[in-house]
Amino acid sequence: MTGTVIVGAGQAGAQTAFSLREFGYTAPITIVGAEAHHPYQRPPLSKAFLAGTADPQSLLLRKQAFYDKLEIDVRSRCTVRDVEFAGDRGTAYLDTGEIAPFDRLVLAVGGRPRRLDVPGSDLDGVTYLRTIDDAMSICALLGRSNSVVVIGGGFIGLEVAAAARGRDAAVTVVEAAPRLLSRSLAPDMSEFLRDAHETAGVTFHFGAAVTAIEGDGEHVRRVILTDGSQIAADAVIVGIGLEPRLELAERLGLETDGESSSTSIPRRVITGCWPPVTAPSCRIR
Ligand SMILES: Cc1cc2nc3c(=O)[nH]c(=O)nc-3n(C[C@H](O)[C@H](O)[C@H](O)COP(=O)(O)OP(=O)(O)OC[C@H]3O[C@@H](n4cnc5c(N)ncnc54)[C@H](O)[C@@H]3O)c2cc1C
């Protein structure tokens with residue numbers, strides 16, 4: 001049996017591999033992941049990691065010995081660029097020039113942060129939080145910033161704001177909606193969170209959109225809002241949602257809705273399976 005290739009070494013990809021073994025699947029399993037790290041937990045990135053109480057090793061889902069024992073091959077720093085089929089077999093093409101043959105393919109490709117598309121959004125000091133590497137950059141950035149602007153008052157934005165306040169920076173959160181987490185929380189909870197953050201010293205701008213980010217030379221210095229207000233910033237962290245990575249799914253003809261989500265979780269689960277999902281072909285033995 002050729003085995004299963006799992007594209008994406010995030011929590012979904014890793015857990016799929018663990019579950020396949022748990023349920024008795026014995027054919028080869030290869031997890032291909034674009035990041036440099038073995039599968040790890042993202043939730044602590046905006047919490048313990050930014051607070052300085054967790055290191056990259058502590059975030060790993062499992063140590064190498066666990067993958068060895070389960071005979072799961074993890075290929076880090078590799079991106080699956082394309083997939084081809086011939087009969088009931090397929091081949092994944094990696095950007096390293098290698099190939100990974102399969103008879104079962106799992107897409108566990110997750111998403112990428114939605115980008116802020118305004119003038120100045122590519123300045124130094126404007127950044128996003130998705131990976132360990134992002135979190136390390138943000139730690140360094142916060143360490144040398146007095147004024148931090150967080151764009152997006154979602155869970156990640158608020159957690160970043162709290163971490164920045166923990167480092168004594170002046171912190172402003174810009175939120176387009178009239179209250180915090182309005183899509184997922186009742187007004188009382190929004191108010192509770194707002195109070196807690198304001199008590200900690202965070203300033204909020206609600207119903208506000210960013211029109212531009214300005215810098216001196218290459219580094220960010222201020223954020224300009226639609227109402228004309230200017231907020232001083234040495235660091236800007238953007239947390240305005242996630243876009244599901246649909247490219248491979250679309251190439252495979254899987255159904256996708258193409259919509260992006262403004263929460264940290266894609267609206268539609270895009271983890272897919274090839275051959276196309278019908279009950280018999282999805283059996284794992
Ligand atoms: C800072 C932060 C805090 C969070 N906090 C919480 C929380 O408190 N509670 C909660 O429930 N959720 C939280 N989340 C969300 C949670 O982490 C995600 O829902 C989860 O990471 C999704 O896992 P995933 O495996 O589906 O996708 P991802 O984590 O996105 O992993 C997909 C992986 O696939 C790789 N990949 C993509 N395409 C390819 C390709 N073609 N070839 C190779 N590799 C590829 C990507 O590089 C990525 O490593 C948080 C997320 C972040 C970023």
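Ligands are counted one by one from 1 in listed order, and the atoms in each one are counted from 1 as well. As a basis for the values below, the full set of heavy atoms in this structure was taken, side chains included, without hydrogen atoms, waters or symmetry mates.
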Give the atom numbers and elements of ligand 1 that come within less than 4.0 Å of a heavy atom of [X].
X    : value
V32  : 43 (C), 44 (N)
G111 : 30 (O)
A108 : 32 (C), 34 (O)
L129 : 1 (C), 53 (C)
K47  : 5 (N), 6 (C), 7 (C), 8 (O)
G10  : 25 (O), 31 (O), 33 (C)
E35  : 47 (O), 48 (C), 49 (O)
L248 : 41 (N)

| task | Using the ring of F102 (Phe, Tyr or Trp, six-membered ring only), decide whether R89 places NZ or CZ under 6.0 Å from its centre and within 45 degrees of its axis. | result |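 Output no; distance or angle outside limits.
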| message | Could you tell me if R179 sits above the aromatic ring of F206, with its cationic atom closer than 6.0 Å to the ring centre and no more than 45 degrees from the axis? | response |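 Judged by the rule, R179 and F206 form no cation-pi pair.
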With nothing but distance in play, are any N or O atoms of [X] less than 3.5 Å from an N or O of ligand 1?
X    : answer
E159 : no
T79  : no
S46  : no
A12  : yes

I'd like the name of whichever of [options] reaches closest to [atom] through any heavy atom.
atom                    : options              : answer
atom 47 (O) of ligand 1 : A14, G13, A34        : A34
atom 37 (C) of ligand 1 : L242, V109, D82, I6  : V109
atom 48 (C) of ligand 1 : R77, R81, R42        : R42
atom 23 (O) of ligand 1 : Q11, E247, R245, H37 : Q11
atom 4 (C) of ligand 1  : A135, P43, A92       : P43

| query | Would Q41 count as a contact of ligand 1 if the rule is a heavy atom under 4.0 Å away? | reply |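 The answer is no, since Q41 has no heavy atom less than 4.0 Å from ligand 1.
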| said: Taking a cutoff of less than 4.0 Å between a non-hydrogen atom of the residue and any ligand atom, is C78 in contact with ligand 1? | reply: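 Contact present.
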Taking the side chain from [X] and the backbone from [Y], do they hold a donor-acceptor pair closer than 3.5 Å?
X    : Y    : answer
R165 : A200 : yes
R112 : E243 : no
R21  : Y25  : yes
T199 : D195 : yes

Give a yes or no on this: more than 12 heavy atoms of other residues, nucleotides or ligands lie within 6.0 Å of atom [atom1] of [X].
X    : atom1 : result
F192 : CZ    : no
R251 : CZ    : yes
E71  : CD    : no

| Just heavy atoms, cut-off under 4.0 Å: does I156 contact ligand 1 by side chain, backbone, both, or neither? |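 It is the side chain that touches ligand 1; the backbone stays farther off.
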| query | Strictly under 6.0 Å, is that where the ring centroids of F18 and Y67 end up? | reply |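 For F18 and Y67, the ring centres are under 6.0 Å apart.
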| Do the side-chain N and O atoms of H37 and D133 include a donor-acceptor pair separated by under 3.5 angstrom? |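 On atom types as modelled, these side chains qualify, holding a pair under 3.5 Å.
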| task | Compare every heavy atom of L129 with every heavy atom of S46, then report the nearest pair and how far apart it is. | result |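 The answer is CB-CD2, 3.7 Å.
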